[in-house]
Amino acid sequence: MLSIYQVVNSGRVRLLILLLCWLPSWVSAQQVVVNVEGDYPELKSNAEAFIGEVEGRSAGNLRRYAPTAVNQAREALRALGYYRPLIDWRIEEGDSDKTATLTLSITPGEPVRVSSRIVEIRGEAAADARLTSDLPPHPAEGDILNHGDYANLRDTIQTRARRRGYFDGRFVTRTLEVDPARRSAEITLIYESGQRYQLGEVTFEEGHWFEIELLRDFVTFEPGTPYHADEIARLNKDLLNSGYFSNVDINISPQEAENGVIPVSVGLTRREARSVSAGVGFSTDVGPRFRGTWREHWINPMGHKRGAETELSVPRQNLSTWYELPLDPPMTDLIRLTAGYQREDIENVESELLTLGQQWQHQLDNGWLQVLSLRWEGERFNIGNDEKGTSTLLLPGAGYSKIHADSPLDPSRGYRLQFDVTGSHRAVLSDVDILHVNALVKGLFTLAGKHRFVGRFQAGAVATNRFSDVPPSLRFFAGGDQSVRGYGYETLSPENENGVPVGGRFLMVGSGEYQYQFADQWRAAVFVDHGNAINDLNDPLATGVGIGVRWISPVGPLRFDVAKGLDREFGGEWRIHFSMGPEL
């Protein structure tokens, strides 16, 4: 068998490569040139698009093709309202070094303008503001006629009508009358909607295995609700996102309607009960890490779930398990029972934490997600061999969060608000009185598609009668990839007499970042972070500045930053930070 090296270096292959290199350039050269008199870039590009690529033709062949090219150019200009252009053409003979060329010289002439626009919606839809309002404004009276704008107006009316349930709707008049001699166009669109259909009762086909009460909780509309395609899309999305099904097939046929009511039939394919996933990652806060997840997506017909997760890195190891019970509506509301173990050894702070808890999650009518919790924590800790102890706490808590974003992985604008409060009291299975509060605000917006501004502010406080008994998991630390860059992970905090960070009573961290998209999926960034974990609100804060690059990967942004901590007394220095995940 010949090696690759022998094949590539054989005489025949070298000869073939030389022949390919010397092939005449006309094989791939465009042979039709469009010139438009005046400043009409849209006319030129549209004519070129209609004509398409013309290659490898002789001068005689181009001469025979010229009338076809002229007609294609004429159609291209007519689509943009220029009905009476003057088009001349000429052939330039080619030779051995240059291909033959067909040149079209176009004088557009005066355009056709819209002299009349009549748009009427009749029937029940005439009173449906969601259909009749904000219709495309073009082509308007006085506009140069654009057939694409006219088609968009016509199709918008028809598409909206079908999405909103006017399945019998039709145009009784749909005319575009053009008089090239008078350079005028009259548009008349009269749409007769007929009745608006309604959604009927939702039925689930046999074989889904789950309790019917659970499935009905996914339906957000009542029988008799006016039809809207978004209601069906939401039902389909919610059933798929539940994790119970591998396929959802919703059958809606207006032909099966009775008295304007359409029955809704849902076919469901149950997914595999269990899944296992594993992955590796890296961040400069904790270094390489391994994450594994086991999930049981359904346990019984009531839709209960359970799972376990583990994350292993050099400074932190944890294992957690959970059991979940869906509530009504199951898309947002649930009860989760949890148990977990975590061990940390970060900056001379060693901790072993065991937790047992319960969470009740509920979506409020105003869009806020409410989580009421009750958890027991047992923690053993050692802070620089100066503070050693154990703590037992029963912590009721409440959390409220709201996220608004135009994309889950890489939003262009949005915000995140989060507020959490927990507490303990010595009278109820706890060693120390604690009130712990934490708040987070994030926001971003984009200007002109390329300029992004990202802001973040986090504040926290812990009130207690004996701070030395507060375990490290409830004290505040700052510094690192997601905090103040330019400083080590959780190195910003008050120190004891031996210089060991012991955690603070308060947390204040703010960040501002500007990103510029310089290429597809790539952004450059400059930022400034300012904050610290402190015991007194008048204590000084640390500042870090830097530059970075963002790659928008399929799983979300990957961030690489080079930061400089400006305060040496807090350990500021040049540091590299690497992290990943959504901005919000």
Side-chain angles (χ1 to χ4, degrees), residues 19-117 136 138-159 171 173-189:
L19 288 173
L20 290 174
C21 292
W22 282 98
L23 278 175
S25 60
W26 57 264
V27 172
S28 59
Q30 168 68 354
Q31 292 184 267
V32 177
V33 177
V34 177
N35 294 326
V36 179
E37 182 181 338
D39 185 18
Y40 297 98
E42 289 187 359
L43 297 184
K44 177 180 172 64
S45 61
N46 209 44
E48 291 172 341
F50 266 63
I51 294 170
E53 295 291 330
V54 179
E55 300 170 350
R57 300 198 181 200
S58 65
N61 191 293
L62 280 178
R63 193 170 282 105
R64 289 188 293 273
Y65 172 70
T68 300
V70 168
N71 288 335
Q72 290 170 330
R74 198 178 302 278
E75 288 297 319
L77 268 66
R78 181 176 297 179
L80 297 180
Y82 292 82
Y83 271 67
R84 307 185 78 175
L86 298 177
I87 304 177
D88 294 325
W89 60 271
R90 71 178 185 275
I91 297 292
E92 296 181 10
E93 301 286 344
D95 53 33
S96 59
D97 297 325
K98 184 179 180 182
T99 64
T101 303
L102 167 63
T103 301
L104 302 183
S105 299
I106 302 174
T107 302
E110 291 297 320
V112 169
R113 294 184 179 273
V114 177
S115 59
S116 171
R117 165 176 159 149
H138 300 288
E141 289 187 14
D143 285 354
I144 296 175
L145 176 62
N146 185 310
H147 284 255
D149 289 343
Y150 167 75
N152 180 54
L153 173 62
R154 179 195 65 210
D155 294 345
T156 296
I157 295 172
Q158 200 159 28
T159 300
F171 283 102
T173 304
R174 186 181 64 182
T175 60
L176 171 59
E177 296 181 357
V178 180
D179 186 342
R182 297 175 55 193
R183 298 192 298 276
S184 68
E186 297 180 353
I187 296 172
T188 305
L189 292 173

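Here, residue 1 is the first one in the sequence, and each next residue gets the next number.
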key: Partners meeting side-chain hydrogen bond (donor to acceptor under 3.5 Å, both in side chains) with Tyr150 (sequence neighbours left out)   = none
query = Can any side-chain N or O of Gln30 pair as donor or acceptor with the backbone N or O of Gly52 at less than 3.5 Å?
reply = yes
ask   = Given Arg117 and Asp143, is the side-chain contact (heavy atoms from CB on, under 4.5 Å) satisfied, shown in steps?
value = CA-CA 10 Å; Arg117 165 176 159 149; Asp143 285 354; over 6 Å; no
request  = Nearest 0.5 Å please: distance from the CD atom of Glu55 over to the OG1 atom of Thr99.
outcome  = 9.5 Å
note = Residue set satisfying side chain to side chain contact (heavy atoms under 4.5 Å, CB included) with Ala76, at least two apart, ordered chain then number -> Asn46, Ala47, Phe50
Non-neighbouring partners of Ile144 that pass side chain to side chain contact (heavy atoms under 4.5 Å, CB included), sequence neighbours left out = Tyr82, Pro111, Arg113
Side-chain donor-acceptor contacts of residues 180-188 below 3.5 Å, not counting sequence neighbours, with atom names and distances?
none

inquiry  = What verdict does the side-chain contact (heavy atoms from CB on, under 4.5 Å) test give for Ile51 and Val34, after you've listed the backbone C-alpha separation in whole Å, the side-chain angles of each residue and the deciding distance to 0.1 Å?
reply    = CA-CA 10 Å; Ile51 294 170; Val34 177; 3.9 Å; yes
note = Taken to the nearest 0.5 Å, the spacing of Ile91 CD1 from Thr103 OG1 works out to 7.5 Å
task = State, yes or no, whether a side-chain contact exists between Pro108 and Val36 at a heavy-atom distance under 4.5 Å.
result = yes
note = Taken to the nearest 0.5 Å, the spacing of Thr159 OG1 from Asn152 CG works out to 9.0 Å
query = Between Ile106 and Leu77, is any pair of side-chain heavy atoms under 4.5 Å apart?
reply = yes
request  = Hey, could you give me each pair passing side-chain hydrogen bond (donor to acceptor under 3.5 Å, both in side chains) that has a residue in residues 59-72? Not counting sequence neighbours.
outcome  = Arg57-Asn61, Arg63-Glu93, Tyr65-Gln72
query = Which pair of non-hydrogen atoms, one from Ala69 and one from Leu104, has the smallest distance, and what is that distance?
reply = O-CD1, 4.0 Å
Pairwise side-chain contact, Ser105 with Arg90, heavy-atom cut-off 4.5 Å (strictly under) = yes
Side chain proximity check, Gln31 to Leu62, heavy atoms < 4.5 angstrom = yes
message = A side-chain contact here means heavy atoms from C-beta on lying under 4.5 Å apart; do Val178 and Arg78 qualify?
response = no
request  = Please list all pairs passing the side-chain hydrogen bond (donor to acceptor under 3.5 Å, both in side chains) test where one or both residues lie in residues 36-45, with sequence neighbours left out.
outcome  = Glu37-Thr107, Lys44-Glu48
ask   = Can you check whether Leu189's main-chain N or O pairs, donor with acceptor, with Arg154's side chain at less than 3.5 Å?
value = no
